[in-house]
Number of protein chains: 2
Amino acid sequence: MDLSERQLQILQAIINDYVENAEPVGSRSIAKKYDLGVSPATIRNEMSDLEEMGYLTHPHTSAGRVPSDKAYRLYVNTLMKKKNLSARDKRLISDRLQASRDEFDATIRHAAELLSEITHLTSFALTPATNEETIAFIRLMPVDERTIILMIVGESGNVTNTTMRLKVPYTQESLDLLSKNMTVTYKGRTLDDVLKSHIIEDVGTDIEALSSLRGNVMPGFLRTLEDMLNVNLYMEGMTNIFNLPEYSSIDRARDFMQLFAQKDWFTQKMLQRADGVVVTIGDENTKMKDCSLITATYHVDGKLVGKLGVIGPTRMKYDEVTSLMEYLTNNLSESFRLPDGKDDE
Amino acid sequence: MDLSERQLQILQAIINDYVENAEPVGSRSIAKKYDLGVSPATIRNEMSDLEEMGYLTHPHTSAGRVPSDKAYRLYVNTLMKKKNLSARDKRLISDRLQASRDEFDATIRHAAELLSEITHLTSFALTPATNEETIAFIRLMPVDERTIILMIVGESGNVTNTTMRLKVPYTQESLDLLSKNMTVTYKGRTLDDVLKSHIIEDVGTDIEALSSLRGNVMPGFLRTLEDMLNVNLYMEGMTNIFNLPEYSSIDRARDFMQLFAQKDWFTQKMLQRADGVVVTIGDENTKMKDCSLITATYHVDGKLVGKLGVIGPTRMKYDEVTSLMEYLTNNLSESFRLPDGKDDE
DNA sequence: GATTAGCACTCTGACTAAGCGAGTGCTAAC
DNA sequence: GTTAGCACTCGCTTAGTCAGAGTGCTAATC
């Protein structure tokens with residue numbers, strides 16, 4: 001049961017109008033604004049059919065029509081066309097990203113900022129997941145009599161460290177020995193892998209003196225690994241939604257805000273999404289059934305994968321937002337090729 | 001022009017009632033609930049005097065009275081008594097803080113969480129300011145042909161590092177040499193000091209080979225120092241305010257949320273506040289003139305100073321909140337004495 | 001002189017009714 | 001199949017009413 005050409009035109013017109021004005025659109029205004037060559041009455045008939053098919057809804061009898069999630073889905077899948085960014089936006093992006101090029105996290109945060117500034121919606125960025133990262137080396141360093149630093153370095157240049165206080169004294173030699181020992185054991189293995197295999201067993205304890213030091217260090221090592229696996233979430237433009245009519249009710253606004261109160265939950269959800277530009281509309285989401293969510297992935301050094309996202313009402317300029325996100329993630333992936341990459345020797 | 005004993009009693013009663021119910025309180029309800037031995041009419045007269053003195057206001061002619069900022073100030077300064085925490089809260093606190101004792105940032109974040117859970121307000125925590133931190137050593141480590149890690153370790157065990165890509169090749173020896181070189185130059189100096197003195201000049205370049213390596217490393221070094229000076233801000237319970245009647249208007253709620261959108265500004269403001277428990281009420285704040293803000297400081301190793309804070313409407317249980325914060329910061333300072341301290345050998 | 005009872009007055013908030021405007025749905029004509 | 005016309009529906013706004021809470025003042029009382 002396909003839609004006729006005219007039905008598609010009308011649907012598109014309704015979506016455009018509703019996205020713009022956030023108000024149910026009536027047959028008359030469609031007929032006036034869009035030159036479809038038919039009268040309001042005809043449009044009313046088509047609207048009625050579209051409603052029956054589930055593409056439109058009706059807040060109440062004497063109101064105009066509102067696009068349903070199904071309509072937006074159709075729009076995103078087949079109707080929408082790629083948009084070119086304005087020169088202004090392009091310049092804004094390149095300026096901002098250039099400025100922070102060598103600071104990894106700052107660049108990612110700036111990307112999220114740009115996203116919320118340009119779309120006027122809420123955006124976020126996730127630093128790349130590191131579960132595929134492999135260990136390059138591990139080093140222990142002295143701070144004072146009882147305090148040492150444990151440092152884990154990944155092969156993509158990721159670094160994480162913890163300061164830990166030992167219950168036993170140590171010597172420089174024992175630290176060096178244990179560092180080597182651990183590096184040999186774990187080098188080349190992924191963080192996930194190391195964390196999962198119950199490593200306490202793994203490390204060879206050929207030398208007696210190391211045994212107690214190792215015992216002291218292991219919990220901190222595990223903690224540091226976990227820490228290294230954590231991705232950072234940067235949220236931007238949360239208050240933007242207050243300017244949208246759909247969030248003029250305090251309850252709606254609260255629900256929206258509360259989504260992001262549980263950062264961990266949200267981060268997990270976002271990590272689970274497929275790669276590339278992914279759009280989920282309204283009901284397709286587990287929570288936030290009245291929002292749409294668009295995510296896209298960028299790559300670091302062609303390997304590690306991070307995410308950008310935009311959240312807003314289902315009434316959203318899908319064409320502009322997806323185009324922008326595609327542009328931004330390409331730009332990011334490009335930026336992150338050289339500095340961390342191994343492809344310019 | 002001091003207040004009489006009875007006026008103080010009435011003021012206290014009004015504050016109690018208003019803090020509890022968020023509604024203007026009338027003379028009759030005071031007379032009924034609090035046994036002051038006088039009739040509503042007398043209370044009305046006193047109220048009228050209190051209003052003249054600026055302790056009460058009047059939303060409109062036929063409404064009850066509402067305490068002014070001045071009244072809360074009086075209450076906080078002289079009327080309020082220290083409250084003991086409930087056994088339940090004490091247990092909650094010790095459980096939660098114990099659980100994360102060895103993870104510094106996690107502990108601080110948990111303190112903020114506790115604060116918002118117990119008070120049902122918005123809370124935050126700042127990791128300690130590190131401008132007084134002194135440098136212990138600096139180390140450069142190889143990752144691959146062109147990539148190295150720069151690591152700065154402070155004498156309190158603070159560690160920060162950056163991965164940087166060099167434009168020139170390097171040798172292990174040159175890294176070691178530069179590490180030593182930099183450590184000798186900066187050891188014992190505060191981060192602030194090092195960052196301010198235009199260090200490019202400072203490092204001795206006795207050996208020619210180091211010169212270009214040094215030139216490559218310096219920008220990253222400065223960036224890392226800056227990074228090390230940054231404090232982290234953890235906000236908790238932002239959505240709690242949606243449950244308060246004073247934020248049932250969307251505009252109020254938006255203003256509140258927007259305060260925290262500029263994290264940097266907010267952080268700076270909070271760092272400027274005096275040590276100890278500090279209460280600022282309504283108009284005493286630069287922004288958020290309809291909020292009260294309570295901050296308290298905790299200490300790490302008796303030296304570095306971090307902050308906890310609570311933000312809510314001026315209608316707030318000042319006695320409970322300040323008591324809680326005192327308890328929490330003492331607890332934190334206690335926790336942070338041993339692990340990072342040097343006082344148990 | 002301080003306190004209190006009594007009462008007129010004020011203001012809010014909830015409720016109701018009327019009127020307006022936007023938009024539909026149906027019917028009959030084209 | 002398309003369109004004009006028209007009755008009808010529904011929500012929103014405005015005005016009006018009423019009850020309730022509370023004050024402020026006055027005059028009586030302790």
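Each chain gets a letter, A, B and so on, in the order the sequences are listed, and its residues count up from 1.
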Find the distance [X]:[atom1] to [N]:[atom2] and express it as a whole number of Å.
X     : N      : atom1 : atom2 : result
B:I43 : C:dT4  : CD1   : P     : 9 Å
A:E46 : C:dG23 : CD    : C1'   : 18 Å
B:M47 : C:dT3  : CE    : C1'   : 16 Å
B:E52 : D:dG24 : CD    : P     : 11 Å
B:Q7  : C:dT3  : CD    : P     : 11 Å
B:Y18 : D:dG22 : OH    : P     : 14 Å
A:I14 : C:dT24 : CD1   : C1'   : 13 Å
B:R44 : C:dA8  : CZ    : C1'   : 12 Å

Whether B:Y72 and B:Y318 hold their rings parallel, tilted or perpendicular, with breakpoints at 30° and 60°: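 Ring orientation, 0 to 90° scale: tilted.
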
Base C:dG25 to side chain A:R65, donor-acceptor N/O within 3.5 Å cut-off: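 Absent.
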
Polar pair under 3.5 Å, donor/acceptor by atom type, side chain B:R28, base D:dG22: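 Under the 3.5 Å cut-off, the side chain and the base do not form any donor-acceptor pair.
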
Heavy-atom neighbours of A:D35 CG exceed 12 at 6.0 Å: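 No - once you tally the heavy atoms of other residues, nucleotides and ligands closer than 6.0 Å, there are 12 at most.
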
The side chain of [X] lies closest to which of these nucleotides: [options]?
X     : options                : value
A:N45 : D:dT3, C:dT24, C:dT3   : D:dT3
A:T61 : D:dC10, D:dT23, C:dG25 : D:dC10
B:H60 : D:dA4, C:dC11, D:dG24  : C:dC11
A:A41 : C:dT4, D:dA4, C:dG25   : D:dA4
A:S39 : C:dG25, D:dT3, D:dT23  : D:dT3
A:S62 : D:dT23, D:dT9, C:dT24  : D:dT9
B:H58 : C:dT24, D:dT9, D:dT23  : D:dT23
B:T42 : C:dT4, D:dT3, C:dG25   : C:dT4

Between [X] and [Y], is there a donor-acceptor pair closer than 3.5 Å when you use the side chain of the first and the backbone of the second?
X      : Y      : result
B:D17  : B:V25  : no
A:S123 : A:A112 : yes
B:N285 : B:G282 : yes

